[in-house]
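Input: a single structure, listed below in structure tokens.
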There are 2 protein chains.
Amino acid sequence: MLVSELAERADVPLATVKYYLREGLLTPGETTGPRRAEYDDSHLRRLRVLRLLREVGGVPVTSLRQVVEALDDEGLAVHDTMTLVADVISAGPGPQTQDPVALEIVDRVITAMGWDGIRAESLDRQRLASLVTLLNGPGPLAANVEVLTFYAGVADQLARAEIALVDHSTERSHLLEQMVTGSVVYGQVFELLRQLGHEHHHAQVATGSARPQPVGT
Amino acid sequence: MLVSELAERADVPLATVKYYLREGLLTPGETTGPRRAEYDDSHLRRLRVLRLLREVGGVPVTSLRQVVEALDDEGLAVHDTMTLVADVISAGPGPQTQDPVALEIVDRVITAMGWDGIRAESLDRQRLASLVTLLNGPGPLAANVEVLTFYAGVADQLARAEIALVDHSTERSHLLEQMVTGSVVYGQVFELLRQLGHEHHHAQVATGSARPQPVGT
DNA sequence: GCTGCGTGGATACCGGAACTATCTTACTAC
DNA sequence: GTAGTAAGATAGTTCCGGTATCCACGCAGC
């Protein structure tokens, strides 16, 4: 297919596709003449992934370039690609504080969960420590190991389920695209469900019903 | 305190505080002279909340104005304020699709959860439907009622816990600020923990250990 | 073969968001 | 009385994510 068709099929303005090509987010189509180039299904899939990351995940375009680099590096194991992508994708700027106390709280949670596959350089780990610093600074909120471990337990349920859901036997590129988009979209899905849960339970409190209890019924 | 002190205590550039005042995100201090105004602790707390919503939650400044309006409307019940704020805060633009099929899927999940306190106009509900449309469009991912209900169950655990955690007996303004910031910050905390969970379980898969199982051990 | 649409490629421009800098006037503390 | 800063207003800046325009030219239909 030609660019215009690619753009139309992905429901993306042509100008934007050209922009992505310029930025190196899409590999140029196969040139079939001086003013002619052919694009295939892999381009279409890639473009869809990019739009999803941008629009649903809010991933900035500069980060997208890092994502495609990781995705296209055939020499990289699936696992390594995913950690690379994870470092880039999750929201917020890099960690600004390296408060050792917060880091230790985070590490204790990680240990309590038995999560032994986490790199010390994991940006998520450091970002989490920043948030803990923030929570334990001025203000009424506080994060302790117990609460965080509870959260981690819940998060673990999701992580397990999500990994179990993907078909691990498919080809590398398809598998990665599936995992990356899944992670982003289901992250949003969960966040919305959490908000809906809030809305319901707030209503419960407001109408004078019993306060919701954290664990059992 | 004077503006400069307010800015310093909240660790926000003075120019930014002035900007927020201009935008109506902060109420003007009490004028004690033609070129003098006094700010108090409520301003400081408000400013901290705003920065948190902006930096951690990524809430745009224009939405912040709506948030403060809801927060400052003393005639509004706590519950109603929260739903108003929730509509404004959660990420993404308003819903663009109103696919009846997706909406019905969402509603079935809501019913299955026994969530009867959710307004039909809830933006989160509609945003979720948009995501479901997206998932069930082209591409390998798919969202069915079962999977979504599983997610909703997990989300419900969090929502319960979070509501149980706040001290419901404090004064309106403090309570709301606590709930709003808590919702945003813990949303991020959870997302990071979910990513960490992924990182661990991916590592498990990569090292050839048993694949993680969704529910039990 | 001619024509006119559309292509690939390059470059320039735009609009919104979130600040940031400057300037003016005037109080206030020393 | 004078140096320092506050308040308030206005204008300017940076970054991001696109759009728009331009050009020279090949291809499809006639």
Side-chain angles (χ1 to χ4, degrees), chain A residues 1-40 43 47-68 88-89 91-94 96, chain B residues 1-40 43-44 47 49-68 88-89 91-94 96:
Chain A
M1 73 192 91
L2 309 215
V3 246
S4 46
E5 189 181 348
L6 176 66
E8 193 170 346
R9 287 228 260 164
D11 196 30
V12 174
L14 177 60
T16 304
V17 176
K18 286 186 168 187
Y19 169 58
Y20 284 3
L21 282 164
R22 242 178 292 144
E23 294 296 313
L25 303 186
L26 288 169
T27 56
E30 186 145 341
T31 322
T32 62
R35 263 160 230 290
R36 209 123 264 250
E38 274 291 311
Y39 295 83
D40 58 24
H43 290 98
L47 183 51
R48 288 212 173 105
V49 171
L50 290 171
R51 292 305 286 179
L52 223 133
L53 293 189
R54 267 277 328 114
E55 303 208 316
V56 179
V59 180
V61 172
T62 50
S63 306
L64 287 182
R65 201 194 283 99
Q66 295 175 254
V67 171
V68 299
V88 162
I89 275 188
Q96 50 262 58
Chain B
M1 73 191 91
L2 295 283
V3 247
S4 47
E5 189 181 349
L6 176 66
E8 192 170 348
R9 287 229 260 164
D11 195 30
V12 173
L14 177 59
T16 304
V17 176
K18 287 185 170 186
Y19 168 59
Y20 284 3
L21 283 164
R22 247 176 288 143
E23 295 296 312
L25 303 186
L26 289 168
T27 56
E30 187 145 339
T31 323
T32 62
R35 263 156 233 288
R36 209 123 262 251
E38 273 291 310
Y39 296 84
D40 58 25
H43 289 98
L44 182 56
L47 183 52
V49 171
L50 291 172
R51 290 307 284 180
L52 223 133
L53 293 189
R54 267 282 320 118
E55 304 208 316
V56 178
V59 180
V61 171
T62 51
S63 305
L64 287 181
R65 200 195 281 98
Q66 295 175 254
V67 172
V68 300
V88 162
I89 274 188
Q96 50 261 59

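The sequence lines fix the lettering, A, B, ..., with proteins before strands; numbering per chain opens at 1.
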Can you give me the N/O atom pairs linking the protein to nucleotides 2-6 of chain D at distances under 3.5 Å, or say none if there are none?
{"from": "D:dA6", "atom 1": "OP1", "to": "B:S4", "atom 2": "OG", "distance (Å)": "2.8"}

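For A:P60, the side-chain contact (heavy atoms from CB on, under 4.5 Å) partners two or more places apart in sequence, or in a different chain, are A:T62, A:S63. Every residue two or more places apart in sequence or in another chain that forms a side-chain contact (heavy atoms from CB on, under 4.5 Å) with A:A7 is listed here: A:L14, A:V17. Residues meeting the salt bridge (Lys or Arg N to Asp or Glu O under 4.0 Å) test with A:E38, sequence neighbours left out: none. A:T27 pairs by the side-chain hydrogen bond (donor to acceptor under 3.5 Å, both in side chains) definition with A:H43, not counting sequence neighbours.
No engagement by A:P28 is indicated, since no non-hydrogen atom pair under 4.0 Å with the nucleic acid exists. Contacts of A:R51 with the nucleic acid, taken as non-hydrogen atoms under 4.0 Å apart, involve only primed sugar atoms and P, OP1 or OP2.
The interatomic distance linking B:E38 (CD) with C:dC27 (P) rounds to 17 Å, in whole Å. The distance from atom OH of A:Y39 to atom P of C:dT7 is 11 Å, rounded to the nearest whole Å.
For residues 2-16 of chain A, no pair satisfies side chain to side chain donor-acceptor pair (under 3.5 Å), with sequence neighbours left out.
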Using atom types as modelled, flag every donor-acceptor pair under 3.5 Å from a side chain in residues 18-25 of chain B to any protein atom, sequence neighbours excluded.
{"from": "B:Y20", "atom 1": "OH", "to": "B:R51", "atom 2": "NH1", "distance (Å)": "2.8"}
{"from": "B:E23", "atom 1": "OE1", "to": "B:R65", "atom 2": "NH2", "distance (Å)": "3.2"}

Inset, instruction - Report the C-alpha distance between B:V68 and B:L50 in whole Å, list the side-chain angles of each, state the deciding distance to 0.1 Å, and finish with yes or no for side chain to side chain contact (heavy atoms under 4.5 Å, CB included). - result: CA-CA 9 Å; B:V68 300; B:L50 291 172; 3.8 Å; yes
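For the pair B:R54 and C:dA17, the criterion of a side-chain N or O lying under 4.0 Å from OP1 or OP2 is not met.
Taking CG of A:L47 as the start and CG of A:L26 as the end, the distance is 5.5 Å to the nearest 0.5 Å.
Annotation: proximity of residues 15-24 of chain A to DNA chain D (heavy atom, distance under 4.0 Å) is found for A:A15, A:T16, A:Y19, A:Y20, A:R22, numbered in ascending order.
Nearest-nucleotide positions on DNA chain D for B:M1 and A:G58 put B:M1 closer to the 5' end.
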